[in-house]
2 protein chains.
Amino acid sequence: MLTRSEEDHIKAVYALLQEGESAFTKDIAERLRTKASSVTDMLKKLSGKSLLKHEPYYGAKLTAKGQAIALQLVRRHRLWETFLVERLGFGWDEVHEVAEQMEHVANEKLIDKLDEYLGHPHFDPHGDPIPDKQGKLRTRKTKRLNTCKPGESVRIAAVSETTDGLLRLLDAKGLRIGTTLSVQDVHAFDGSMDIKPQRGSAFSLSKDVIHHLQVENA
Amino acid sequence: MLTRSEEDHIKAVYALLQEGESAFTKDIAERLRTKASSVTDMLKKLSGKSLLKHEPYYGAKLTAKGQAIALQLVRRHRLWETFLVERLGFGWDEVHEVAEQMEHVANEKLIDKLDEYLGHPHFDPHGDPIPDKQGKLRTRKTKRLNTCKPGESVRIAAVSETTDGLLRLLDAKGLRIGTTLSVQDVHAFDGSMDIKPQRGSAFSLSKDVIHHLQVENA
DNA sequence: AAAATAAATTAGGGACGCCTAAAAAACGAT
DNA sequence: ATCGTTTTTTAGGCGTCCCTAATTTATTTT
Ligand SMILES: [Mn+2]
Ligand SMILES: [Mn+2]
Ligand SMILES: [Mn+2]
Ligand SMILES: [Mn+2]
């Protein structure tokens, strides 16, 4: 049985490995709002449990066993987020912290039944894929909105590296998962983009917003 | 913010105070499957936080503050149990351990929304009352089935001091919350009782079972 | 009232998860 | 190649929560 702290470290390593070759001490510490020395301690401990390989000074990578655990945690987190939004009526900007706690409730039957209750969803409220019981992720070909050219028509598939503030801004602009929009203009000066949702009139989005939007062709 | 262990100790004290004047170290330890010396440590700590009063050698009583916390914990525990049984389809003998973990997820909005989602239930799957947001408990006048006399007709209101084995036995006999039955005979020899459910034929229940059944007049 | 027993507390210690400060290693820029 | 900066590790320590063993207090028996 893993502790909450062990689980959070494994999840942080997993997330960082999505971005790069190796998960570095500093980045793990930053994610978990802890100190590098604490992370080193934990990497040693998890390494001893064969959940990851720690190459001192060169970061950590998950073992197959560690990755399987990470995927289960991601599964739990995203299923609970889905439950909170779809059943309890939480806003998509309110669920992360709660799911961060709920993901540590360890009971296989609970997650199986929750998954079934929700109708085996493939994506969470932020558009992130939910691993199935075997840890398999549904992949899609998406690109970031900032890479799109004027004239393109796309659908919002996910919001990446979400923060509550970003999600509230999107809410305020009426943008959500599934919203279809066309790119009207891109301004080189500030990297902003003029877009027009399928329903509603056009408006502008800053560079800071558009690179968080993962879109797929409409 | 309280730790899981602190919360479990408060809940144990609360439960024991339902039975007696004071909650004793030994009984708390037994409930939490820990040692008396560990309990003493924790009682000191909680006493320092003004959540209970510890009279060395004479047990502990909750303060108003401690009792309010205990009631919120009981509320969370029983709401999650209700969710697990009514929404996820768990058996009433399977939910205690899971709820024991979920009750420690601390988020007021979560519990408010869960309560609403479940339709503000007043009783959990075992017939135990669910405190409302203010900690108020609905009281009923119930008695234990072993105190009933032949000829009485009663309804099962709750199962007290539940264990999974007891609940499975009741399941097997078709007895659940709300079942109406009449007392046919009581055998002084072994304390067993012959009962007849409203629908179905009569059978016998052992002393060990009937004193766990809280009933109200049908 | 003394002895035996039961219950609770104190003393001391281990594992864990976190910290700060110091030392070591790696990296980037000249 | 060396210097300064950044990153990581190591060393040492603290609070929590748990334990066993020893001691103290309370209760029950004789
Ligand atoms: Mn978490
Ligand atoms: Mn999410
Ligand atoms: Mn608990
Ligand atoms: Mn219950």
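By convention in this document, chain letters (A, B, ...) are assigned in the order of the sequence lines, proteins followed by strands, and residues within each chain are numbered from 1. Owing to the predicted nature of the structure, the values given are computational and were not obtained by experimental measurement.
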Nearest whole angstrom, please: distance from the [atom2] of [N] to the [atom1] of [X].
X	N	atom1	atom2	value
L16(A)	dT8(D)	CG	C1'	16 Å
M42(A)	dA15(C)	CE	C1'	12 Å
Y57(B)	dT25(D)	OH	C1'	5 Å
L2(A)	dC16(C)	CG	P	12 Å
K49(A)	dA15(C)	NZ	P	14 Å
K44(B)	dG15(D)	NZ	C1'	15 Å
Y58(A)	dA24(C)	OH	C1'	13 Å
K35(B)	dT10(C)	NZ	P	19 Å

Looking at dT9(D), does its base get a donor-acceptor pair with the side chain of T25(A) below 3.5 Å? no
Under 3.5 Å donor-acceptor pair, D41(A) side-chain atoms to dC18(C) base atoms: yes
Distance under 6.0 Å and angle within 45° of the ring axis: does R87(A) meet both against Y117(A)? yes
Cationic N near anionic O, under 4.0 Å, E100(A) to R4(A): no
Residue among R138(B), Q72(B), R75(B) satisfying side chain to side chain contact (heavy atoms under 4.5 Å, CB included) with P131(B): R75(B)
State the CG-NZ distance between D41(B) and K35(B), to the nearest 0.5 angstrom. 14.5 Å
Where each residue is assigned the nucleotide of DNA chain C containing its nearest heavy atom, which of S38(A) and D27(B) is assigned the position nearer the 5′ end? D27(B)
H77(A)/H96(A) aromatic ring centres below 6.0 Å: yes
Does OP1 or OP2 of [N] have a side-chain N or O of [X] closer than 4.0 Å?
X	N	answer
S5(B)	dT16(D)	no
S37(B)	dT10(C)	no
H54(B)	dA8(C)	no

Classify the nucleic acid contact of T40(B) as base, sugar-phosphate or nothing, counting any heavy atom under 4.0 Å across all strands shown. base
From dT9(C), dT8(D), dG17(C), pick the nucleotide closest to the side chain of A36(B)? dT9(C)
Which nucleotide in the set dC18(D), dA8(C), dT8(D) lies at the smallest distance from any side-chain heavy atom of K26(B)? dA8(C)
